[in-house]
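None of these values were measured; they are calculated from a predicted model. Position 1 is the first residue of the sequence, and the numbers go up from there. Worth knowing before you read on, the calculation uses all heavy atoms, side chains too, and leaves out hydrogens, waters and symmetry mates.
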Amino acid sequence: MITFRHFLTSIVAVFIALAVGIVLGGGPLSDVTDAKPTPASAQDQKGSDQAGVYAETFSGAVGPLLTSAKLADRSVAVVSVPGADEQIITSLAEQVAAAGGTISARYSLTEAMVSPEQKSLVDTLGSQLMTQQGKAIAADASTYDRIGQLLGLAVATTVPEGGDPTGKHTAIFDSLVGAGLLTADAGVTRQAPLVLLVLGAEPAPEGGDAILAGLAAGLSRAAVGVVAVGTLADGADGQVARLRAAPVSAEVATVDGIDTAAGRVAAILTLTRSLSTKGGAFGASGADGPVPLG
């Protein structure tokens, strides 16, 4: 298992390599990893604290350089799951703006949308809306894949430059809000090619993971790229890890560690990558590395 301290050291090394075009060997970072553990508890704690502060400061300093103009002329729809940290969402939105992108709108899934007890409501509404949309949605789509596609049709688009919603798209949005499955800071004035799915509280033990995977899969069918992001705790053994183990991981990119500056930079770089490449696991415990290097 990748430890938090190892992640901090690795992410700093990656950012330096990206910023200056070299791969580090020894030097000050080596001193951090090879520090003498005597006396063990005090020395290790001090080293971990220093590494954490350095990584946060460094990532915050080089982040704008690495992400500058990466999302120029692109819009991002932010969709949050109940329990998502508002401060983190604000920080992510600021990162999108710093990368030249725009937030089309902020959408929040409600407890009813992600609660297994409300599946009947979600299924009934999804069936009604699917009938109105004709062949836009596969008849054999599961309950949450279907509602995810419907949400995606309302707020996202497969056109890289973004698009304007039609009357049908607006009707879907109004229906989701009217049924208490979605709230938003504004109506849909622009459909975004990219969707940032911000995870929140742990899903319900029975069926919660399947709901999240279905929603993510549906969104991915209606957008150019979808990136699901979570905290460090969501990584190695949490909901991000379980999402990575699901088939949807081939279509939806994931990043864990967004409660750190490094993780938020990784989220922006992963959004950029999603314009051309689906999937990928990045962040503190991402199998594809701390950040996309391509």
Side-chain angles (χ1 to χ4, degrees), residues 2 4 6-24 54-79 88-104 156 160 162 192-199 216 219-220 223-232 234-235 240-241 243-244 249-294:
I2 299 175
F4 178 54
H6 181 263
F7 163 65
L8 292 173
T9 304
S10 298
I11 198 69
V12 171
V14 169
F15 281 169
I16 290 177
L18 285 170
V20 302
I22 61 172
V23 178
L24 296 181
Y54 177 52
E56 284 291 288
T57 303
F58 186 88
S59 300
V62 303
L65 172 65
L66 299 178
T67 62
S68 178
K70 292 291 187 180
L71 294 175
D73 301 321
R74 305 297 182 188
S75 57
V76 179
V78 177
V79 178
I88 291 177
I89 293 173
T90 298
S91 295
L92 287 167
E94 291 172 349
Q95 291 274 6
V96 169
T102 58
I103 300 296
S104 60
L194 297 173
V195 176
L196 187 63
L197 180 61
V198 186
L199 306 185
L219 283 168
S220 73
V224 174
V226 176
V227 179
V229 298
T231 64
L232 288 168
D234 294 324
V240 171
L243 190 63
R244 287 167 173 164
S249 62
E251 301 297 320
V252 175
T254 55
V255 177
D256 63 308
I258 58 167
D259 44 345
T260 68
R264 292 188 291 274
V265 172
I268 299 303
L269 294 175
T270 305
L271 277 172
T272 302
R273 178 181 183 272
S274 294
L275 286 166
S276 59
T277 306
K278 290 183 177 291
F282 304 97
S285 57
D288 296 315
V291 294
L293 295 176

Kindly give the heavy-atom pair with the smallest separation between Ala266 and Pro292, and that separation in Å. O-CD, 4.2 Å

Is the closest side-chain heavy-atom distance between Arg244 and Val240 below 4.5 Å? yes

Got Val227 and Leu194 here, is their nearest side-chain heavy-atom distance under 4.5 Å? no

If I compare all heavy atoms of Ser249 with all of Leu243, which pair ends up nearest, and what's the gap? CB-O, 3.8 Å

Heavy-atom closest contact (Arg264 atom, Ile258 atom, distance): NH1-O, 3.0 Å

Going through the distances and angles, do Phe282 and Val291 end up as a side chain to side chain contact (heavy atoms under 4.5 Å, CB included)? CA-CA 6 Å; Phe282 304 97; Val291 294; 5.7 Å; no

Okay, side chain of Asp259, backbone of Ile88: is any donor-acceptor separation there less than 3.5 Å? no

Can you name the closest pair of heavy atoms from Val229 and Ala267 and give their distance? CG1-CB, 4.1 Å

Closest contact, heavy atoms only, Gly286 versus Asp256: N-OD1, 3.8 Å

Any non-hydrogen side-chain atom of Gln95 less than 4.5 Å from a side-chain atom of Val265? yes

If you measure from CD1 on Ile89 to CG on Leu196, what distance do you get to the nearest 0.5 Å? 9.0 Å

Rounded to the nearest 0.5 Å, what's the gap from CD on Glu251 to OG on Ser274? Could you check? 11.0 Å

Do Asp288 and Arg273 meet the salt-bridge criterion of a basic N to acidic O distance under 4.0 Å? no

Looking at every heavy atom in both Thr67 and Leu269, which two are closest together, and how far apart are they? CG2-CD2, 4.0 Å

Separation between CD1 of Ile268 and NZ of Lys70, rounded to the nearest 0.5 Å: 12.0 Å

